Peer 1: 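My structure is below; once you've seen it, I'll send some questions.
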Amino acid sequence: MGTDVISNYLVEYAQLVPVLFLMLLAGCVLLGTILLRAGERGRRVLNGLTWLAVLAVIPLTLLPGGLRRSDVFCTVQFAWPAWGAVETLANIALLVPAVFFLTLRVRRPMLIVLFASACSAGIELIQAFLPALGRACDTTDWEMNTIGAVIGALLAVFTLALNRYKTSS
């Protein structure tokens, strides 16, 4: 499924996007809890999910898109998130699973957030320098990806704390 197909689907069903976003967050916490309690087998599955989530970012951001590039190298703007907007939630959701699973494995949330934010900036620069991709470099995308990374790390910290509390009871 191409990224244009995904974008069209999300726009067509825009009213479901916030619900899907909340389901993603709840699903991460539930799955993370299950995997943390599953011992070594859970850690192996967590490793696989981490790689899968990280690798999923590549086609979603670097496969050729349908945009016709203008002469703009990169749109530089910073905006408060429009929480109901499809593109905003999609950009926030993009890094949530990868950061969540990686933080559960490494347990260094600040380091993971900084790394994810740097990777997002790198993706935007690649989009700027390779106009043939048909992708738009936009600092707002980087900003929303970074917000998603922070949410993913906070969810992981919450999940780790919840599991520490449950196992100590």
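These figures come from a predicted structure and were not determined experimentally. Counting from 1, the numbers follow the sequence of the chain as shown.
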Peer 1: Can you name the closest pair of heavy atoms from Phe21 and Ala93 and give their distance?
Peer 2: CD1-CB, 3.8 Å
Peer 1: Under the salt bridge (charged side-chain N to carboxylate O under 4.0 Å, His left out) test, which residues partner Arg43, sequence neighbours left out?
Peer 2: Glu40
Peer 1: Do Glu87 and Asp141 touch side chain to side chain, with heavy atoms closer than 4.5 Å?
Peer 2: yes
Peer 1: Do Arg37 and Asn163 make a side-chain contact, defined as non-hydrogen atoms from C-beta onward lying under 4.5 Å apart?
Peer 2: yes
Peer 1: Can you hop from Ile34 to Leu162 via hydrophobic side chains spaced under 4.5 Å?
Peer 2: no
Peer 1: Verify the cluster assignment for Leu89 and Val150: are they in a single hydrophobic cluster under the rule of side-chain heavy atoms below 4.5 Å apart?
Peer 2: no
Peer 1: If hydrophobic clusters are built by linking Ile, Leu, Val, Met, Phe, Trp and Tyr wherever their side-chain heavy atoms come under 4.5 Å apart, do Leu154 and Val99 end up in the same one?
Peer 2: no
Peer 1: At what distance, to the nearest 0.5 angstrom, does CD1 of Ile151 lie from CG of Leu95?
Peer 2: 11.0 Å
Peer 1: Between Asn145 and Asn91, is there a donor-acceptor pair closer than 3.5 Å when you use the side chain of the first and the backbone of the second?
Peer 2: yes
Peer 1: Compare all side-chain heavy atoms of Leu125 with those of Phe129 and state whether any distance is below 4.5 angstrom.
Peer 2: yes
Peer 1: What distance separates Leu133 CG from Gln127 CD, expressed to the nearest 0.5 Å?
Peer 2: 7.0 Å
Peer 1: What distance separates Leu30 CG from Met23 CE, expressed to the nearest 0.5 Å?
Peer 2: 11.5 Å
Peer 1: If hydrophobic clusters are built from ILVMFWY residues whose side chains come within less than 4.5 Å, do Leu155 and Val45 share one?
Peer 2: yes
Peer 1: Does Val113 offer a backbone N or O that forms a donor-acceptor pair with the side chain of Ser117 under 3.5 Å?
Peer 2: no
Peer 1: Looking only at non-hydrogen atoms, find the nearest pair between Pro109 and Val157 and report the distance.
Peer 2: CG-CG2, 3.7 Å
Peer 1: Output the distance between atom CG (Leu46) and atom CG (Leu102), rounded to the nearest 0.5 Å.
Peer 2: 9.0 Å
Peer 1: Using a 4.5 Å cut-off on heavy atoms from C-beta on, say whether the side chain of Leu35 contacts that of Leu104.
Peer 2: no
Peer 1: What is the minimum heavy-atom distance between Leu94 and Val57, and which atoms define it?
Peer 2: O-CG2, 4.0 Å
Peer 1: Is the backbone N or O of Ala116 less than 3.5 Å from a side-chain atom of Ser120, with the two atoms forming a donor-acceptor pair by type?
Peer 2: no
Peer 1: Side chains of Ile126 and Thr61: does their closest heavy-atom pair fall under 4.5 Å?
Peer 2: no
Peer 1: Would Ile147 end up clustered with Val29 when hydrophobic side chains under 4.5 Å apart are linked, directly or stepwise?
Peer 2: yes
Peer 1: Where do Ala98 and Val54 come nearest, in terms of heavy atoms and distance?
Peer 2: CB-CG2, 3.9 Å
Peer 1: Shortest non-hydrogen contact from Leu60 to Arg135?
Peer 2: O-NH1, 3.5 Å
Peer 1: What is the distance from atom CG of Leu25 to atom CZ of Phe100, rounded to the nearest 0.5 Å?
Peer 2: 9.5 Å
Peer 1: Evaluate the side-chain proximity of Phe101 to Leu31: yes if any heavy-atom separation is below 4.5 Å, no if none is.
Peer 2: yes
Peer 1: Quick one: does any side-chain atom of Thr159 pair with a main-chain N or O of Thr33 as donor and acceptor, under 3.5 Å?
Peer 2: no
Peer 1: Rounded to the nearest 0.5 Å, how far does CD1 of Ile92 lie from CD of Glu143?
Peer 2: 9.0 Å
Peer 1: Which heavy-atom pair separates Pro59 from Leu55 by the least distance, and what is that distance?
Peer 2: CD-O, 3.0 Å
